Amino acid sequence: MRRLPLAVLVGLTVLLCTSPVLYAGPAAGRETERAHSYGPRARQQLVAYRDRTPPARGEALPGVVVLHGGFWYQDRSRGWRPWARRIADEGVVVFDVDYRRSVDAPWPAQRRDVLRALHWIRRHAGSLGVDPRRLVLLGSSAGGHLATNVAAYGAGRELLAGAVALSPVVDPYRAWRDGAARDGGTVRRGAAVLRSSAAVLAGCDPRRGSGAERADCRRVWRDMSAVHHATGGDDAPMLLVHSRRDFVPPVHSEDLRAAERRRGMGADDVRVVTVPGAEHGGALMRTPAVAERVLGWIAARTGARTERDAARPP
């Protein structure tokens with residue numbers, strides 16, 4: 001197993017929140033919670049949440065697939081659990097998915113794991129009580145990167161009803177390049193950690209090597225960016241959310257929106273929302289207006305029963 005770079009270890013002291021822990025308010029306690037393996041590897045696990053109340057006879061519920069952040073090397077935390085339970089209360093099956101870390105396997109293992117989890121959910125849709133045509137990804141930070149990449153990879157619209165990404169690192173190469181600046185401050189420190197983490201994910205340094213080795217490395221970096229997979233109408237609809245002073249700047253999502261629009265995606269199918277402040281990733285859900293926008297978008301794409309009040313602590 002590869003060791004984490006020193007910059008990443010140091011950066012642990014300055015990480016901004018990547019999960020919206022405690023901000024959903026106490027859940028009503030009506031949910032079932034069950035772990036499943038979607039593959040043979042240790043981290044190919046997910047936890048499914050659903051309301052104990054049986055749906056109407058023959059009714060299959062929409063599904064939300066949560067992809068956690070953590071610079072691609074952190075395990076799935078319990079930080080999304082309050083929101084998973086709250087969303088499940090509204091008649092949605094929620095899947096909190098873990099995936100292989102960058103220190104266990106380089107790219108594209110993480111995308112393969114997300115795709116494998118989605119196919120597992122679709123195969124078991126009947127027993128899970130979920131409608132495979134109404135699945136939405138909800139990713140934060142590194143998980144937002146995976147959400148956008150999967151949404152734009154191949155015919156993403158065939159797999160997904162949509163993808164929501166909070167502070168998505170849409171283009172890890174841009175993050176690697178931007179993280180080289182050294183003008184101090186929390187934003188710059190976060191960007192420096194992201195730079196190191198992106199290099200671990202890629203498994204190579206884009207400055208080094210020559211000939212075929214360098215060309216292979218560049219292909220990996222290109223493949224990690226959803227911008228280079230954008231095909232317009234074949235891609236799943238996306239809602240992309242950033243704060244203005246986030247260390248993952250909105251330009252990541254603006255570039256993806258521009259690429260999708262050039263290839264024919266409708267304006268309603270790729271939205272970039274920028275809000276005041278410096279919240280990052282799942283912490284954006286602290287803001288009621290953001291939570292309401294996210295849940296409303298999911299409801300519109302899936303026909304979920306999610307209400308406005310679900311975005312507010314009881």
Side-chain angles (χ1 to χ4, degrees), residues 1-5 8 15 18-19 36-47 64-77 79-80 95-122 135-154 156 159-160 163-176 193-206 216-230 235-236 238 240 248 252 256 281-282:
M1 182 183 294
R2 287 173 288 174
R3 295 182 180 274
L4 291 174
V8 174
L15 292 182
T18 57
S19 62
H36 301 271
S37 295
Y38 66 84
R41 300 179 186 275
R43 290 187 173 82
Q44 291 173 333
Q45 304 281 327
L46 60 82
V47 177
V64 169
V65 180
V66 174
L67 304 174
H68 66 83
F71 296 93
W72 301 286
Y73 71 81
Q74 293 181 359
D75 288 318
R76 174 170 48 85
S77 73
W80 271 101
F95 303 94
D96 191 359
V97 173
D98 203 1
Y99 49 86
R100 278 175 287 175
R101 303 177 302 166
S102 58
V103 292
D104 300 322
W107 184 263
Q110 296 70 30
R111 181 177 65 207
R112 288 173 178 159
D113 284 357
V114 175
L115 289 169
R116 184 168 192 151
L118 287 171
H119 286 295
W120 183 91
I121 292 167
R122 291 171 68 88
L135 295 176
V136 170
L137 293 177
L138 172 56
S140 61
S141 192
H145 161 251
L146 296 177
T148 59
N149 198 282
V150 169
Y153 184 72
L159 274 181
L160 298 167
V164 178
L166 309 173
S167 303
V169 190
V170 171
D171 186 351
Y173 181 77
R174 174 185 283 277
W176 178 85
V193 174
L194 187 57
R195 172 184 167 89
S196 298
S197 300
V200 174
L201 178 67
C204 64
D205 187 324
D216 287 345
C217 182
R218 289 298 180 98
R219 276 193 290 273
V220 170
W221 285 91
R222 184 179 178 86
D223 184 46
M224 291 195 298
S225 172
V227 173
H228 298 299
H229 292 293
D235 299 341
M238 288 175 263
L240 313 169
V248 180
H252 277 260
L256 177 55

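Positions are given from 1, in the same order as the sequence printed here. As the structure is a computational prediction, the values presented were derived from the model and not from experiment.
For CZ of Arg41, the number of neighbouring non-hydrogen atoms (other residues, nucleotides, ligands) closer than 6.0 Å is 12 at most.
Separating the CZ atom in Arg101 from the CD atom in Gln74 is a distance of 9.5 Å, to the nearest 0.5 Å. To the nearest 0.5 angstrom, Leu137 atom CG is 5.5 Å from Leu118 atom CG. Distance check, rounded to the nearest 0.5 Å: CG of Leu240 to OG of Ser167 gives 10.5 Å. Between the CH2 atom in Trp176 and the OG atom in Ser196 there is a gap of 11.0 Å [rounded to 0.5 Å].
Heavy atoms only, all atoms of each residue included: Ser102 and Tyr73 are closest at OG-CB, 3.6 Å. Shown here for Ala117 and Val97, the closest heavy-atom pair between the two residues is CB-CG1, 4.0 Å. Across Ser197 and Phe71, no two heavy atoms sit closer than the pair OG-CB, 3.5 Å. Scanning all heavy atoms of the two residues, the minimum distance from His252 to Val170 falls at ND1-N, 3.3 Å. Across every non-hydrogen atom of Ala147 and Ala163, the tightest pair is O-CB, 4.0 Å. The nearest pair of heavy atoms linking Pro172 to Ala198 is O-CB, 3.9 Å.
For His145, the ring pair (Phe, Tyr, Trp, His ring centres under 6.0 Å) partners two or more places apart in sequence, or in a different chain, are Trp72, Trp107. Legend: residues meeting ring pair (Phe, Tyr, Trp, His ring centres under 6.0 Å) with His36, ordered by chain and number and at least two apart, are Trp120. Considering only residues two or more places apart in sequence or on other chains, Asp205 meets the salt bridge (Lys or Arg N to Asp or Glu O under 4.0 Å) condition with Arg207, Arg208. Not a single ring pair (Phe, Tyr, Trp, His ring centres under 6.0 Å) links Tyr38 to another residue, sequence neighbours left out. Scanning for side-chain hydrogen bond (donor to acceptor under 3.5 Å, both in side chains) contacts around Arg219 gives Asp216, with sequence neighbours left out.
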Task: Audit row: Leu138, Leu67, side-chain contact (heavy atoms from CB on, under 4.5 Å) steps and yes/no - done: CA-CA 6 Å; Leu138 172 56; Leu67 304 174; over 6 Å; no

- [ ] For Tyr173 and Met224, run side-chain contact (heavy atoms from CB on, under 4.5 Å): C-alpha distance rounded to whole Å, both residues' side-chain angles, the deciding distance at 0.1 Å, then the answer.
- [x] CA-CA 8 Å; Tyr173 181 77; Met224 291 195 298; over 6 Å; no

- [ ] For side-chain contact (heavy atoms from CB on, under 4.5 Å), just list the numbers for Leu194 and Val169, CA-CA rounded to whole Å, side-chain angles, deciding distance to a tenth of an Å, and then say yes or no.
- [x] CA-CA 9 Å; Leu194 187 57; Val169 190; 4.1 Å; yes

TODO: Could you walk me through whether Asp98 and Asp75 pass side-chain contact (heavy atoms from CB on, under 4.5 Å), step by step?
DONE: CA-CA 7 Å; Asp98 203 1; Asp75 288 318; 4.3 Å; yes

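Judged by distance alone, with hydrogens and angles left aside, the side-chain atoms of Ser141 form no donor-acceptor pair with the main-chain N or O of Gly69 at under 3.5 Å. At least one donor-acceptor pair closer than 3.5 Å links the side chain of Ser225 to the backbone N or O of Val227. Between the side chain of Gln110 and the backbone N or O of Ala105, at least one donor-acceptor pair lies under 3.5 Å.
Counting heavy atoms from C-beta outward, Val66 and Phe95 have side chains that stay 4.5 Å or more apart. A heavy-atom distance below 4.5 Å is not found between the side chains of Leu160 and Val136. At least one side-chain heavy atom of Leu135 sits under 4.5 Å from a side-chain heavy atom of Arg122.
Between His229 and the choices Asp235, Asp223, Thr148, the side chain to side chain donor-acceptor pair (under 3.5 Å) rule is met once, by Asp223.
No salt bridge links Arg116 with Asp113; every basic N to acidic carboxylate O contact stays at or beyond 4.0 Å.
Note on residues 144-153: no pairs pass salt bridge (Lys or Arg N to Asp or Glu O under 4.0 Å), not counting sequence neighbours.
Side-chain contact check for Asp96 and His68: no donor-acceptor pair (N or O, by modelled atom type) lies under 3.5 Å.
A cation-pi contact, defined as under 6.0 Å to the ring centre and within 45° of the axis, is absent between Arg43 and Tyr99.
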